Amino acid sequence: MKIELLFPELSTVYGDAGNALYLKKTCKDAEFIETPLQSKPYFIDNDVDMIYLGSMTEKSQLFAINALRPYVNRIKECIEAGVVFLCTGNSMELFGEYILEDDTKWDALGIFPFYSKRSSEYFRHNSMFLGDFEDIEVVGCRSQFAYIYSECKTPFMNVKGGIGNNPDDKFEGVHYKNFFATYVLGPVLPLNPKLTKHILSLAGFKGEVAFEKEAMDAYNLRLTKLKEEGVNFILGEHW
Amino acid sequence: MNKLKFWIGLWGGKTFLFLWKLFRAERDDRPGMVSVRICEDFLARVAKPKLTIVVTGTNGKTTISNMLAETLKKLGYKVAYNDWGANHNAGQARCLLDAVSIFNKPIKDVAIIEADELISPTNVPRLKPTYLIVNNVSRDSMLRNGNPEYIADRLRRAAEGSPESVVVMCGDDPVSSLIGEKNRRVAFGAKYLGTNPLDTMIDDYPVCLKCGGKPEYSYRNYRNIGEYKCSKCGFKNPERAYLVESANETEMVVSEKEGKFTYPIPNSAIHNIYNTAAMVSILRDIGEKPEDIAKALESIKPPASREGSEVVCGVNIHRKLAKTHNPTAVSTVFENIKKDKSQKLLLMVLDEIFENPKKSETVAWFYDTDYEFLNDESVTKIVLGGDRYLDHKLRMLLAGIDESKIICIPKHLDVLNYADISDVETVYIVYDIYTSAEARKVTAEITERIKKERGEAK
């Protein structure tokens, strides 16, 4: 099993490093390829089972788009072939049509039919999240400057608590074949052992996730708390 | 109309300030709040002393403001400043109310104004300070501050909005280096000071901010603070006009265009060296002589810390403040714990308590924080109490800490039930601002136990 961690040095701003850590602790026999921004991604010339990309700064988003733009066709080919992609936080925005900030527009990779929009004043949305993916309940948090807007027919999750791709959307993320992208950020995998098992099974992994009992205990407690009456999912906005 | 509002705001604020001082409650922002409520652009309209210094950046704002104010006083200046970290509109207005007469004429030589990073793009252009000090920009709570580049961008806009201000900035901090590129800048920095920083997962400068190239370091004094150069575009430290060449426990040597000069420092902690370098830079730039600065700095100490250490019957007890949601702050505490090689018991009361307990739910910061530093032979036991106890436990296990060393429980004060002090050389009590009261109780109880057990044994 080969897992490529794409631009891991960029994906450390909002706790997303926890996903790479959890993958390494869970898939002990897997080969991990860590590709920095300045290098050609491994999956361009080689087969991989899974690619992970996490949250990054707004400037890093543009660097990452430029680094991946020459390989858009190969990315599409991998997605169609069923390679597992997991993109957390604002890395999802890379795969849309463009990123808009006031009158400035940056072309993104154009793989999925959505765009993201943020204000130059950068209002920051913070919230907790509870959603459903198939029969799996997903928990987590959101913290972001932008929202995505789309006619995307294949969202990742139905929203049960918090917001969707934008405040008016009841669907969250993008899911197409084995491509999973979500605005939920930080340690999505360690916080969601059931989801981790499911996603990793698509990449060919069988077995327990790391510290499964402890992860399930924490997951169940969080789930219980998030389902309590009167939970305020929105943590506030800052500018 | 605006003029009238200003005068009402000034006199209203002055009146409240007079009354507050009368009742010995002068360490309060409310007189300033009166002024800014009445006159929205009070900060722009109120007169400023000839030397107005705004201090901003992620860490060290209050420390630098206080130490600089005390130093300037010793140098003979009349100084207006707040020493309680009031860094929003009301606090800044409160400071300036002290600096002007009822006729809006400056009555102080200097105003030192602390500024929160987020409000800086609005307030710095209003204040138009003579100097803008940016001590550093590093990651803080993601909920409030997003990421360091976002903060640097806000400070860049602040400096651009006040083009006459001289920006005094840490030239060893690549993220700060983007601030004030169009202003006159005075950069300070330090050669490698033997800090021997541990490898950390926190890197606020993973790629060059200009081109995305890979930064290369000649050295780092801590994290991404050091001498850097982009391997692709050559972006590197600005010329550091004031460079700390060496430091020991009590003094540091700074080189500048007029030579090398020695200045006292409060202690050899790296952040105190950088803080002092920032102060020396500004004092030299306004024309103060090195020997006068050195003399003034002799008795200057950082503000009293909310932390504390004591030795009780041979056991070291350290209280360490670790601001939760701020991975830099918590990792720094964990790093210091690792560097202390005595046998340690850690008692952690970290999770803040809000009226709405759901508010502290976000645990993303756990995974930006170096829990790996606690995976050390010298750490014999970690007892943690708080609502996120199961998340902490999972994070510690993922950091490789042996499960037998970990006890995580939901209630803060229950850590006392599991605190076995036999054979320990050192006890660390790690806490958050919001759990200060619990930390004090834990400290008091542990101190009593040690006195009882070790004292009797003695």
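By convention in this document, chain letters (A, B, ...) are assigned in the order of the sequence lines, proteins followed by strands, and residues within each chain are numbered from 1. Computed from a predicted structure; not experimentally measured.
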CD-CG distance between A:E214 and B:L397, expressed to the nearest 0.5 angstrom: 5.5 Å
Max heavy-atom pair count under 4.5 Å with chain A, selected residue of B:C211, B:P121, B:P148, B:P327: B:C211
Distance, nearest 0.5 Å, that separates CG of A:L21 from CG of B:L398: 5.0 Å
Centroid-centroid under 6.0 Å between B:Y150 and A:F145 rings: yes
Atom pair OH (A:Y14) and OG1 (B:T362), whose distance is rounded to the nearest 0.5 Å: 13.0 Å
Residue A:T12 versus chain B: region with a heavy atom under 4.5 Å: both
From CA spacing to verdict: side chain to side chain contact (heavy atoms under 4.5 Å, CB included), A:L185, B:M142: CA-CA 11 Å; A:L185 53 59; B:M142 78 171 179; 3.8 Å; yes
Interatomic distance, B:K210 atom NZ to A:F63 atom CZ [nearest 0.5 angstrom]: 10.0 Å
A:N126 (side chain) donor-acceptor with B:L143 (main chain) under 3.5 angstrom: yes
Residue A:K59 versus chain B: region with a heavy atom under 4.5 Å: both
Donor-acceptor pair, side chain of B:D368 and main chain of A:G15, under 3.5 angstrom: yes
Donor-acceptor under 3.5 Å (A:R222 side chain, B:D391 main chain): no
Proximal component of A:L62, with respect to chain B [non-hydrogen, under 4.5 Å]: neither
Step-by-step side chain to side chain contact (heavy atoms under 4.5 Å, CB included) determination, A:S60 to B:E149: CA-CA 10 Å; A:S60 292; B:E149 288 175 29; 4.2 Å; yes
Side-chain donor or acceptor of A:E9 paired with backbone N/O of B:K214 under 3.5 Å: no
